[in-house]
Number of protein chains: 2
Amino acid sequence: MNMQAQTRKGRKFDQVIDGARNIFLSQGFEGASVDVIARQAGVSKATLYSYFPDKQALFMAVLNQECDLQRRAQMDIEFLQRDVRDALHHLAYSMLEFLMSDEGVSIFRVCVAEAQRFPKLGRAFYETGPSTAMSHVAGYLSTPKVGNMLDIDDPMKAADLFMKLCRGDLMLRRLLCVSNETTHEEVSEAADEVVATFIARYRKA
Amino acid sequence: MNMQAQTRKGRKFDQVIDGARNIFLSQGFEGASVDVIARQAGVSKATLYSYFPDKQALFMAVLNQECDLQRRAQMDIEFLQRDVRDALHHLAYSMLEFLMSDEGVSIFRVCVAEAQRFPKLGRAFYETGPSTAMSHVAGYLSTPKVGNMLDIDDPMKAADLFMKLCRGDLMLRRLLCVSNETTHEEVSEAADEVVATFIARYRKA
DNA sequence: CAAAAACTGAACTGATCGGTTTACAATGAG
DNA sequence: CTCATTGTAAACCGATCAGTTCAGTTTTTG
């Protein structure tokens, strides 16, 4: 009967999420007023509140959608086939691209900002975001192919290192709005550096 | 005539800064109301506004004081004397201790949170905080003593790596309020890991 | 002591915000 | 067509907040 599997409740649901996403990511949680979100979404405030009980629930919905998207986009299986060095570079590059993107920076900023007064949010973000990513990396690092080249005893610790290496001065400057532009060359160079350091740490003795 | 070198303007100046520090670091910038700050400082709101033109200026004053304190506390020269490995460990340990402390986390959180709507703050924090620290580390890494043991061509890049290595999963969990407790052993272990990786990357060929 | 400077407490302004309500219009399925 | 669902616009509520004002008190200073 229904073309869509489930129209959540009404036709405007997606508009609301999209509008909220826009405003939240550019203004933060406190900075985003519900009136502005409703206007941006092209929806009345009453409609918005018929979908979500309050502002926090709306924010959580946006966060979940965003993390889902990122998770899906990451980790195309194809790269597992490549040479380990190439695969690591690809992995570092795509992770850096996300971390440095407007979306990545915004969502991280907002979650860190609100974590104290809204702990459920911090935890949700950590688990659907960085923690999941780290597990994926650890999974790859446990592969026999990697085991041939590197001597990794604790894959989670190694994955932590790998991700640490991606979060450097570049990202700090972005988070703090010191410099807002980053070239693809800079990113690729940074990815080189990540791989070099990672292999230096874990190469076979 | 005056016992103190300079009483800035009035007697209550320090009270105001201290009170503001308390509230800002625990509640964030938006979350801290000026009335609450004044009450915490034991000062009338009128007095507070006689020292600072507005809430942002007050926050900047707190930030500057905080970064000054941390800068002064860091980098005791004594550690330069030690064995390089020990010195690096000491450096990593004290940096980690600060990054994981309530103060360190709070100030970082607030600055990241407000950087977008208050860019001057982000820049000020970056420069008096992480950037200065990185320069200090780079300075030490340029030392002949270090040069004897490690092969560092670009000290700033190396310092960036060193600091990256300090900002791992542990700190992420703290920032996002996933886990609020960290033992000294965990920190010391993390410092070991920092040093091991750093030396692996830069040891002489 | 006397005058100037610093401070107080409380009321007040003007604005914003999250969330609710109400009276009404558009939509869409049977 | 009919009627329930879904949506709208705007007023409204109660609360909070940054910043000001002012009449009066305390502290400092000379």
Side-chain angles (χ1 to χ4, degrees), chain A residues 1-24 26-63 110 113-114 116-118 120-121, chain B residues 1-24 26-63 110 113-114 116-118 120-121:
Chain A
M1 283 283 153
N2 221 341
M3 291 206 302
Q4 308 293 354
Q6 70 255 45
T7 46
R8 302 268 195 151
K9 252 187 213 164
R11 318 152 244 156
K12 310 288 184 88
F13 188 89
D14 290 346
Q15 287 181 40
V16 175
I17 294 269
D18 286 353
R21 197 193 91 104
N22 269 323
I23 305 300
F24 276 137
S26 63
Q27 315 274 69
F29 180 78
E30 299 288 342
S33 93
V34 177
D35 294 77
V36 172
I37 290 174
R39 196 178 327 131
Q40 166 80 22
V43 142
S44 79
K45 211 162 41 143
T47 298
L48 188 154
Y49 275 104
S50 81
Y51 287 137
F52 301 98
D54 56 27
K55 200 183 169 187
Q56 287 198 355
L58 175 56
F59 186 86
M60 289 290 288
V62 170
L63 175 69
V110 177
E114 302 302 324
Q116 188 135 54
R117 281 189 299 169
F118 189 5
K120 190 172 265 184
L121 164 66
Chain B
M1 283 281 153
N2 220 341
M3 290 205 303
Q4 309 292 354
Q6 71 253 47
T7 46
R8 301 264 198 154
K9 254 187 212 162
R11 319 152 244 155
K12 311 285 183 92
F13 188 89
D14 291 346
Q15 287 180 41
V16 174
I17 295 269
D18 286 353
R21 198 192 90 104
N22 269 322
I23 304 299
F24 276 137
S26 63
Q27 316 274 54
F29 180 77
E30 299 287 343
S33 95
V34 177
D35 293 76
V36 171
I37 290 174
R39 196 179 325 132
Q40 167 80 22
V43 144
S44 78
K45 217 174 16 157
T47 298
L48 187 154
Y49 275 103
S50 81
Y51 287 138
F52 301 98
D54 56 27
K55 200 183 169 187
Q56 287 198 355
L58 175 56
F59 186 86
M60 289 290 287
V62 170
L63 175 69
V110 178
E114 303 302 323
Q116 188 135 55
R117 281 190 298 169
F118 188 6
K120 190 173 265 185
L121 164 65

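Computed over heavy atoms, backbone and side chain alike; hydrogens, waters and symmetry mates excluded. Keep in mind it's a predicted model, so treat the numbers as computed, not measured.
Residues passing the ring-ring contact (aromatic ring centres under 6.0 Å, His included) test with B:Phe24 are B:Phe29, B:Phe59, sequence neighbours excluded. Judged as a side-chain contact (heavy atoms from CB on, under 4.5 Å), and not counting sequence neighbours, B:Ser26 has no contacts.
Contact check of residues 39-46 of chain A against DNA chain C (heavy atom, cut-off under 4.0 Å) returns A:Lys45, A:Ala46. Residues from residues 28-35 of chain B with heavy atoms under 4.0 angstrom of DNA chain D, sorted by number: B:Ala32, B:Ser33, B:Val34.
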Please tabulate the protein-to-nucleotide N/O contacts below 3.5 Å involving nucleotides 23-27 of chain C, giving atom names and distances.
none

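Heavy-atom minimum distance, A:Val62 versus A:Ala20: CG2-CB, 3.7 Å. Residues B:Tyr51 and B:Lys12 share a closest heavy-atom pair of OH-N, 3.4 Å. Nearest heavy atoms, A:Ala113 versus B:Ala113: CB-CB, 3.2 Å. Counting all heavy atoms, side chain and backbone alike, A:Ala32 lies closest to A:Ile37 at CB-CD1, 4.2 Å. When all heavy atoms are compared, the tightest approach of B:Ile17 to B:Ala61 is CD1-CB, 3.8 Å.
Applying the salt bridge (charged side-chain N to carboxylate O under 4.0 Å, His left out) rule to pairs touching residues 40-58 of chain B yields B:Asp35-B:Lys45, sequence neighbours excluded.
The pair A:Arg117-A:Glu30 counts as a salt bridge, with a side-chain nitrogen and a carboxylate oxygen less than 4.0 angstrom apart.
Between A:Pro53 and B:Lys12, the one whose closest nucleotide on DNA chain C sits nearer the 5' end is B:Lys12.
Checked against C:dT8, C:dG19, D:dA18, the side chain of B:Thr47 finds its nearest nucleotide in C:dT8.
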